[in-house]
Amino acid sequence: MHKRPVLLVVAHGSRDPRHAATVHALVRRVRSLRPGLRVETGFLDFNIPSVQGVLESLAAEGVRDVVALPLLLTRAFHAKADIPAVLRDAPPRLRIRQAEVLGPSPLLLSALERRLYEAGLAPADKSSTGVVLASAGSSDPEAIAVIADIAREWWHTGWCAVRPAFASACLPRTEDAVRELRELGCSTVAVAPYVLAPGFLPDRIARGAAGADVLAEVLGAAPEVARVLLERYDAARVPRLAAVGA
């Protein structure tokens with residue numbers, strides 16, 4: 001029987017210990033959803049094991065096939081440059097496919113709503129609630145455009161309004177978006193962090209949410225996030241047929 005590729009979750013890493021703890025909780029949930037799938041975790045920075053270290057260990061064990069999955073919500077610099085560079089330095093015996101980043105996905109919108117309801121909103125509040133979709137931010141225009149598209153799509157599901165905001169690199173900030181929703185006349189204002197794990201930028205989002213009525217938790221180990229990981233793994237481990245003439 002052909003062995004399934006190992007899933008290597010590639011996380012950014014952080015000096016904040018909550019980051020690694022959240023990543024490990026998410027990986028445990030992925031394992032629980034797919035018993036028998038080997039799932040490893042590697043960090044680009046700050047935490048161990050490093051991605052390179054995990055790849056070397058797998059090669060030493062005799063593993064051949066790996067799907068490297070960037071634990072990222074948008075295709076920004078890390079997905080386009082950092083991670084491919086690390087994977088190129090992997091032991092040559094490994095066959096590595098890089099999976100797509102997690103977002104956008106309808107499942108992530110479901111996870112965002114789950115977090116808002118856990119924070120105290122009810123589905124009946126939707127039409128009177130303005131939501132700030134607060135992401136970490138990026139200098140990559142493609143990543144910024146995706147966040148704006150997600151906000152627009154989410155608004156069409158029935159919220160009073162949805163505004164994107166960013167904790168770094170670009171504007172508006174969370175507090176500016178909160179103020180705009182107040183001025184727009186939304187009776188409730190909620191902030192939904194579109195981030196995977198706690199850390200410096202999510203803390204900045206939380207400070208910017210001081211004027212809001214509701215602040216949701218980060219996406220973390222939400223079951224919907226774990227399901228997206230497995231969707232991306234499955235898509236990457238079955239290579240698409242090459243286009244004719246490609």
Side-chain angles (χ1 to χ4, degrees), residues 4-14 16 19-31 33-34 37-56 58 63 65-90 94-108 111 135-147 149-150 167-169 193-199 201-202 218-222 224-240:
R4 286 182 289 187
V6 172
L7 169 55
L8 172 59
V9 175
V10 179
H12 184 272
S14 170
D16 188 322
H19 172 89
T22 303
V23 170
H24 292 311
L26 175 58
V27 167
R28 283 194 298 273
R29 191 179 283 274
V30 172
R31 289 188 184 119
L33 289 176
R34 184 87 48 100
L37 172 62
R38 181 170 177 184
V39 188
E40 300 289 344
T41 309
F43 295 91
L44 291 173
D45 210 350
F46 301 118
N47 302 101
I48 54 172
S50 68
V51 176
Q52 191 67 29
V54 174
L55 291 171
E56 288 169 3
L58 291 173
V63 169
D65 291 293
V66 176
V67 170
L69 194 155
L71 199 59
L72 299 167
L73 294 172
T74 57
R75 268 185 52 75
F77 178 77
H78 293 299
K80 294 176 179 177
D82 279 8
I83 293 173
V86 172
L87 299 181
R88 278 194 298 272
D89 287 338
L94 291 175
R95 288 189 296 249
I96 303 176
R97 300 187 195 104
Q98 181 175 329
E100 290 295 327
V101 297
L102 302 184
S105 165
L107 283 169
L108 294 178
S135 82
S138 172
S139 55
D140 187 313
E142 180 190 348
I144 298 308
V146 166
I147 299 298
D149 288 344
I150 293 168
S168 69
Y194 189 59
V195 293
L196 285 166
L201 293 177
V218 298
L219 294 171
E224 297 88 351
V225 179
R227 285 168 57 198
V228 176
L229 262 75
L230 289 170
E231 283 185 358
R232 299 292 182 257
Y233 168 80
D234 288 337
R237 79 185 180 102
V238 182
R240 295 183 188 86

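Just so you know, these numbers use all the heavy atoms, side chains as well, and skip hydrogens, waters and symmetry mates.
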If you draw a 6.0 Å radius around CZ in Arg227, do more than 12 non-hydrogen atoms from other residues or ligands fall strictly inside? no

Heavy-atom closest pair (Gln98 atom, Pro84 atom, distance to 0.1 Å) is OE1-CG, 3.5 Å

Pairwise distance OH(Tyr194) to CD1(Ile147) - rounded to 0.5 angstrom: 5.5 Å

With sequence neighbours excluded, tell me which residues meet salt bridge (charged side-chain N to carboxylate O under 4.0 Å, His left out) with Arg38. Glu40, Glu61

Contact check, side chains of Leu55 and Leu87, non-hydrogen atoms, under 4.5 Å: yes

Mind checking whether Ile150 and Leu108 have side chains closer than 4.5 Å, heavy atoms only? no

Sequence-distant partners of Ile144, side chain to side chain contact (heavy atoms under 4.5 Å, CB included), two or more places apart: Ser138, Phe166, Cys170

Could you work out, with side-chain hydrogen bond (donor to acceptor under 3.5 Å, both in side chains) as the rule, every residue matching Arg28, not counting sequence neighbours? none

Could you tell me which residues satisfy side-chain hydrogen bond (donor to acceptor under 3.5 Å, both in side chains) with Glu231, sequence neighbours excluded, listed by chain and number? none

Run Leu44 and Val10 through side-chain contact (heavy atoms from CB on, under 4.5 Å) and show every step you take. CA-CA 7 Å; Leu44 291 173; Val10 179; 4.0 Å; yes

Any idea which heavy atoms bring Val63 and Asp65 closest together, and the distance? CG1-O, 3.7 Å

Compare every heavy atom of Ala169 with every heavy atom of Gly137, then report the nearest pair and how far apart it is. C-CB, 4.4 Å

Output all residues satisfying side chain to side chain contact (heavy atoms under 4.5 Å, CB included) with Ala226, sequence neighbours left out; order by chain, then residue number. Leu26, Arg29, Val30, Leu33

Is the ring pair His19/His12 parallel, tilted or perpendicular, if the boundaries are 30 and 60 degrees? perpendicular

Going by side-chain hydrogen bond (donor to acceptor under 3.5 Å, both in side chains), name the residues that satisfy it together with Asp45, two or more places apart in sequence or in a different chain. none

All heavy atoms of Asn47 vs all of Ala20, minimum pair found to be ND2-CB, 3.8 Å

Which atom pair, heavy atoms only, marks the closest approach of Val54 to Gly42? CG2-CA, 4.2 Å

Distance in Å, Lys80 NZ paired with Thr74 OG1, rounded so as to fall on 0.5 Å steps: 8.5 Å

Who passes side chain to side chain contact (heavy atoms under 4.5 Å, CB included) against Ser50, sequence neighbours left out? Gln52

Is any side-chain heavy atom of Ile83 closer than 4.5 Å to one of Leu72? yes

Do Pro5 and Tyr233 come within less than 4.5 Å of each other through their side chains, counting heavy atoms only? yes

Audit row: Leu37, Leu7, side-chain contact (heavy atoms from CB on, under 4.5 Å) steps and yes/no: CA-CA 8 Å; Leu37 172 62; Leu7 169 55; 4.2 Å; yes

Arg31 side chain to Val39 main-chain N or O, any donor-acceptor pair under 3.5 Å? yes

Considering all heavy atoms of both residues, which atom of Arg97 and which atom of Arg237 are nearest to each other, and what is their separation? NH1-O, 3.2 Å

Mind checking what makes side chain to side chain contact (heavy atoms under 4.5 Å, CB included) contact with Ala111, not counting sequence neighbours? Leu219, Ala222, Glu224, Val225

Residue set satisfying salt bridge (charged side-chain N to carboxylate O under 4.0 Å, His left out) with Arg34, at least two apart, ordered chain then number -> Asp234

Leu71 and its side chain to side chain contact (heavy atoms under 4.5 Å, CB included) partner, picked from Val23, Thr41, Val27: Val23

Could you check if a side-chain atom of Leu69 sits within less than 4.5 angstrom of a side-chain atom of Leu102, using non-hydrogen atoms only? yes

